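One structure below.
Values below: every heavy atom of this structure, side chains too, minus hydrogens, waters and symmetry copies. This is a predicted model, so every value here is computed, not measured. Remember, it's 1-based here, ligands and their atoms both numbered in the order they're listed.
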Amino acid sequence: MSQRYARAERLTGLSPYLFAEIDRMKQEALKKGMDLISLGIGDPDLPTPPHIVKRLQEAAANSKHHQYPSYEGMREFRGAAANWYQKRFGVVLDPETEVLSLIGSKEGIGHLPLAFIDPGDIVLIPDPGYPVYQAGTVFSGGVPFDLPLLKENGFLPDLEAIPADVQTRARILWLNYPNNPTAAVAPFEFFARAVAFAREHHLILAHDLAYSEIAYDGYLPGSLLAVPGAKEVAIEFHSLSKTYNMTGWRIGFAVGNAEILGGLGRIKTNLDSGVFQAVQEAGIEALTGPQDCVEEMRKVYQERRDVLVDGLLRLGYAVEKPKASFYVWIGVPKGFTSTEFTAHLLSKAGIVTTPGVGFGKHGEGYIRAALTVDVSRIKEAVDRLRKL
Ligand SMILES: *Cc1c(COP(=O)(O)O)cnc(C)c1O
């Protein structure tokens, strides 16, 4: 089909956004009248806790919030984020220079390369991984270099295996633990090795910590910034989306090295005008208010995890019980590719999952299931799998 407006190369170079593709398959199944169990997208089904909603309602009526917010975020929001970091991770941050508010962490993750990547610069990206690391790299003219996350390495990248010339040209290294999509977690020693690597090769270490609060069996994920010296090379992205069921609100923040945050802030002041202050007030409420909602949420996901993984293990699937995140990374049975198996589950059992290969070529051989439906539906999914 001829197009009047040819798209820029930076768009044609991207693979179609994965979830758009799944949505299309879903719509087809729905049109046929199928009852779908959606384990496809990592969007919490639980509502935002009521005390946070109430704070927004009050703040929205306050006319001082009706004007443009400050670019870097309200001082009180940045202070709340810094206090939360100190309490939760033992990491001390200066709210003036080491915290930056974001319109959801995806926004900051996508924009970071614009501040530091020139055409031809290499960005080291986990494969499989959250697609935004790659998109931000391509939009800035950078060259993604995939770091395979392999089961035999605990889904951690082998930094020593990166070729010397790539190490020299690399400017950013992305990490994400607890990991989406593999649900892997990283030991503190790995973070320490990554910091040493970043210092040696003068690159920016960018850690995506969206799932720090979603962990099970007493395990509590740590911050990469807790590594001594990390703040000289690292920036960490945090999101309220998953911790407080606030994906629709669009609020997150970045913390760490002031110079790196300053670069990202410079891009943002030229593109957006910050987060609606009433939403920042709700964010303050989330970070400083009662935290039992987080414990409740963990219990809900843990029960779902146990029902799904125990069920899968009984059926002979290659799967491990995740220590963190709300994902289950499932080995695909012999004879299927990850895409074929996703299509098979959708058309034969009405179960929506995500093909591992949609997160990068090393995701082949896996599908991802998100624990974002009620436990009764997960039981139903296991039942359907048994009959398959
Ligand atoms: C959900 C998610 C995010 C971010 O979410 P925002 O809603 O933009 O804050 C970031 N990274 C990963 C890996 C995620 O899964």
Practice task
Apply side chain to side chain donor-acceptor pair (under 3.5 Å) to Y211 and Y177, showing your working.
Solution key: CA-CA 7 Å; Y211 293 97; Y177 294 99; over 6 Å; no

Handout entry: Sequence neighbours excluded, every pair satisfying side chain to side chain donor-acceptor pair (under 3.5 Å) that has a member inside residues 218-236
Key =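 Listed by first then second residue: Y85-E236, E98-K231, R199-E232, H207-E236, S223-E236.
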
Can you pull every nitrogen or oxygen pair between ligand 1 and the protein closer than 3.5 angstrom?
from     : atom 1 : to   : atom 2 : distance (Å)
ligand 1 : 7 (O)  : S241 : OG     : 2.6
ligand 1 : 7 (O)  : R250 : NH1    : 2.8
ligand 1 : 8 (O)  : S105 : N      : 3.2
ligand 1 : 8 (O)  : K106 : N      : 2.8
ligand 1 : 8 (O)  : R250 : NH2    : 2.7
ligand 1 : 9 (O)  : S105 : N      : 2.7
ligand 1 : 9 (O)  : S105 : OG     : 3.0
ligand 1 : 9 (O)  : S239 : OG     : 2.6
ligand 1 : 9 (O)  : S241 : OG     : 3.4
ligand 1 : 11 (N) : D208 : OD1    : 3.3
ligand 1 : 11 (N) : D208 : OD2    : 2.5
ligand 1 : 15 (O) : N180 : ND2    : 2.9
ligand 1 : 15 (O) : Y211 : OH     : 2.7
ligand 1 : 15 (O) : K242 : NZ     : 3.1

Practice task
Start with the C-alpha gap between R386 and D383, add the side-chain angles, then the distance that decides, and say whether salt bridge (charged side-chain N to carboxylate O under 4.0 Å, His left out) holds.
Solution key: CA-CA 5 Å; R386 186 177 305 117; D383 249 22; 2.8 Å; yes

Handout entry: N-O pairing of D306 and K321 below 4.0 Å
Key =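 Judged by the 4.0 Å cut-off on N to carboxylate O distance, D306 and K321 do form a salt bridge.
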
Practice task
Just say parallel, tilted or perpendicular for the rings of Y301 and F326, cut-offs at 30° and 60°.
Solution key: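 The rings of Y301 and F326 sit tilted, inter-plane angle from 30° to 60°.
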
Exercise for the section: Kindly compute the distance separating CG (L149) from CG (L175), expressed to the nearest 0.5 Å. Expected result: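 Result: 9.0 Å between the selected atoms.
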
